[in-house]
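Scroll down for the structure; my scribbles are underneath it.
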Amino acid sequence: MLAINILKRSINITAGIFLLTAGTTHAQTFTDDAKILATYQKSLDSLFLKVKSVTAEDAKTQLAENTKAIPLNLVKTDKRKKDGNELYELAKPATVTVGIAYLCPRCSNSHISESSGYVIDPSGIVVTNYHVAAMYANISDGNKPLGLTVRMANGKIYAVKSVLACSKTNDLAIIKLATDGEKIPALPLAQAGKVGDDVYVLGHPKGMHYFFSKGIVTNKYMEEAGEINKKFFREMMAISADYATGSSGGPVMDSYGNVIGTVSNTKMFTHSEMNPSVQMVVKNTVPVESLWKLVRSESAH
């Protein structure tokens, strides 16, 4: 009887060790945001010695001119539904940090202002917001632009060569990376999303790299935008998935991992001027239909 009990205890201990080991093997690492940013900043000097990024002045010119659809080799859409972790693992290698590198007037260190973006062509073509690229092109307050860059999830850094196409109205910019022929992971584009569809967002809100959130499409509507004397209407897709400053330009995906939108802005609704309590925050994204107006596919979709 004692031998049997000892055997059972041995089996239980072995099983426990196996489960612990299995759990450790499949455990996800914790993101070290401070380390990512510090490493990103330190890599800039060596990057700019090898390759120059588009200048702020050239970016300004390209943002004003490149509004026609461009031919791209897009990846095929996926028709298999995935769970949340599968989508995260799929999207992470193709979701990038768009970094504006600059010098401030107060010190000699290089700085990075981070936003989001995603690859749509493996040759190194990335989608982000127009307002992200315009921040670099119109950098001010005594700051000196050093370059426009992109950081991949694996830590590799690329300089941005040019702005290929853009739409200020729809807050979209398509940028080309200097990859020297290297192929990188890309996300497929869906044709459209629908109200009620599940959506997933990946981006870098306030420097929290690769923050993943889920929601639904809450509305598709014509938003009034622009300055007081230059108002216009544009297509918008509101979602309930969470994001914040720094998420701009990140992908909005459906349950298959296909892009149905691009993070753009938020709009806060208050009760009234007399009672400014917050009632709702609308999460505005640019629907993929607007992106398709800038893209001509040269591959089967």
Side-chain angles (χ1 to χ4, degrees), residues 63 67 87 91 95-98 100 113-118 120 126-136 138 165-175 187 189-208 210-228 230-255 258-272 276-295:
L63 285 169
T67 57
L87 287 167
T95 301
V96 305
T97 304
V98 180
I100 298 172
S113 174
E114 294 181 319
S115 298
S116 305
Y118 56 96
I120 58 170
V126 170
V127 174
T128 189
N129 288 140
Y130 180 96
H131 77 255
V132 170
M135 282 174 57
Y136 171 66
N138 299 289
C166 63
S167 170
K168 183 177 181 179
T169 298
N170 292 314
D171 196 21
L172 290 172
I174 300 177
I175 56 180
L187 290 173
L189 302 184
Q191 290 299 318
K194 297 180 292 183
V195 174
D197 283 352
D198 287 337
V199 293
Y200 300 81
V201 172
L202 191 59
H204 318 297
K206 293 290 186 179
M208 293 185 68
Y210 294 99
F211 187 94
F212 192 53
S213 62
K214 179 183 179 181
I216 64 167
V217 178
T218 58
N219 199 7
K220 295 181 76 171
Y221 71 106
M222 300 301 295
E223 178 197 35
E224 186 178 18
E227 301 171 6
I228 295 176
K230 297 180 181 179
K231 292 290 185 181
F232 59 89
F233 288 89
R234 61 183 178 185
E235 299 170 344
M236 273 289 155
M237 182 176 72
I239 65 174
S240 61
D242 236 354
Y243 57 81
T245 301
S247 301
S248 291
V252 181
M253 298 161 288
D254 61 19
S255 298
N258 305 313
V259 172
I260 61 171
T262 306
V263 172
S264 180
N265 63 76
T266 61
K267 182 184 293 185
M268 184 173 67
F269 288 164
T270 58
H271 183 275
S272 64
S277 59
V278 177
Q279 290 196 317
M280 185 169 72
V281 177
V282 176
K283 307 283 187 172
N284 276 328
T285 70
V286 183
V288 72
E289 294 97 316
S290 297
L291 179 56
W292 275 113
K293 295 172 185 175
L294 292 177
V295 170

Practice prompt. Report, as yes or no, whether the 6.0 Å neighbourhood of atom CE on Met222 holds more than 12 heavy atoms from other residues, nucleotides or ligands.
Written response: yes
Fill in: Euclidean distance, Asn265 CG relative to Thr285 OG1, rounded to 0.5 Å
9.0 Å
Fill in: Side-chain donor/acceptor of Ser213 to backbone N/O of Asp242, under 3.5 Å
yes
Worksheet item: Is Glu224 atom CD crowded by more than 12 heavy atoms from other residues, nucleotides or ligands, each under 6.0 Å away?
Response: yes
Worksheet item: Got a sec: does the NZ of Lys267 have more than 12 other heavy atoms crowding it under 6.0 Å?
Response: yes
Worksheet item: Per the side-chain contact (heavy atoms from CB on, under 4.5 Å) rule, which among Asp197, Val217, Asn284, Val195 passes with Met237?
Response: Val217
Worksheet item: Side chain of Asn129, backbone of Val263: donor and acceptor closer than 3.5 Å?
Response: yes
Discussion item. Nearest 0.5 Å, please: how far is OG in Ser255 from OH in Tyr200?
Written reply: 4.5 Å
Discussion item. Once rounded to the nearest 0.5 Å, what's the spacing between atom OH of Tyr243 and atom CG of Leu202?
Written reply: 14.0 Å
Item to complete: Could you check if a side-chain atom of Gln191 sits within less than 4.5 angstrom of a side-chain atom of Val288, using non-hydrogen atoms only?
Response: no
Worksheet item: Would a distance-only check, ignoring hydrogens and angles, find a side-chain to backbone donor-acceptor pair under 3.5 Å from Asn138 to Ala134?
Response: yes
Item to complete: Mind listing the closest non-hydrogen atom pair of Ser264 and His131 along with its distance?
Response: O-CE1, 3.4 Å
Fill in: Rounded distance (nearest 0.5 Å) linking atom CD1 of Ile100 with atom CD of Glu114
10.5 Å
Worksheet, complete the sentence: Scanning both residues in full, the closest heavy-atom pair of Pro251 with Thr95 reads CG-OG1, 3.6 Å
Worksheet item: Can you find a heavy atom in the side chain of Lys214 that is under 4.5 Å from one in the side chain of Asp198?
Response: yes
Worksheet item: Does the side chain of Val127 come within less than 4.5 Å of Leu291's, by heavy atoms?
Response: yes
Worksheet entry | Within 6.0 angstrom of Lys231 NZ, more than 12 heavy atoms from elsewhere | yes
Worksheet item: If you look at every heavy atom in Ser115 and His204, which pair is closest and at what distance?
Response: O-CD2, 3.5 Å
Response to the item:
Which of Val286, Leu294, Ile174 passes side-chain contact (heavy atoms from CB on, under 4.5 Å) with Ser167? Answer is Leu294
Worksheet, complete the sentence: Here the pair of heavy atoms bringing Glu235 nearest to Asn170 is N-OD1, 4.5 Å
Discussion item. For a quick test of reading the model, state the closest non-hydrogen atom pair linking Ala238 to Val282 and the distance between them.
Written reply: CB-CG1, 3.9 Å
Fill in: Closest non-hydrogen atom pair between Gly203 and Ser116, with its separation
CA-OG, 3.6 Å
Practice prompt. Would you confirm whether Thr128, through its side chain, and Gly249, through its main-chain N or O, come within 3.5 Å as a donor-acceptor pair?
Written response: no
Worksheet item: How many angstroms lie between atom CE of Met253 and atom CG of Asn258, to the nearest 0.5 angstrom?
Response: 10.0 Å
Discussion item. For Lys220, is the NZ atom crowded, meaning more than 12 foreign heavy atoms sit under 6.0 Å from it?
Written reply: yes
Discussion item. As an exercise, state the distance from OG1 of Thr262 to OH of Tyr118, rounded to the nearest 0.5 Å.
Written reply: 2.5 Å
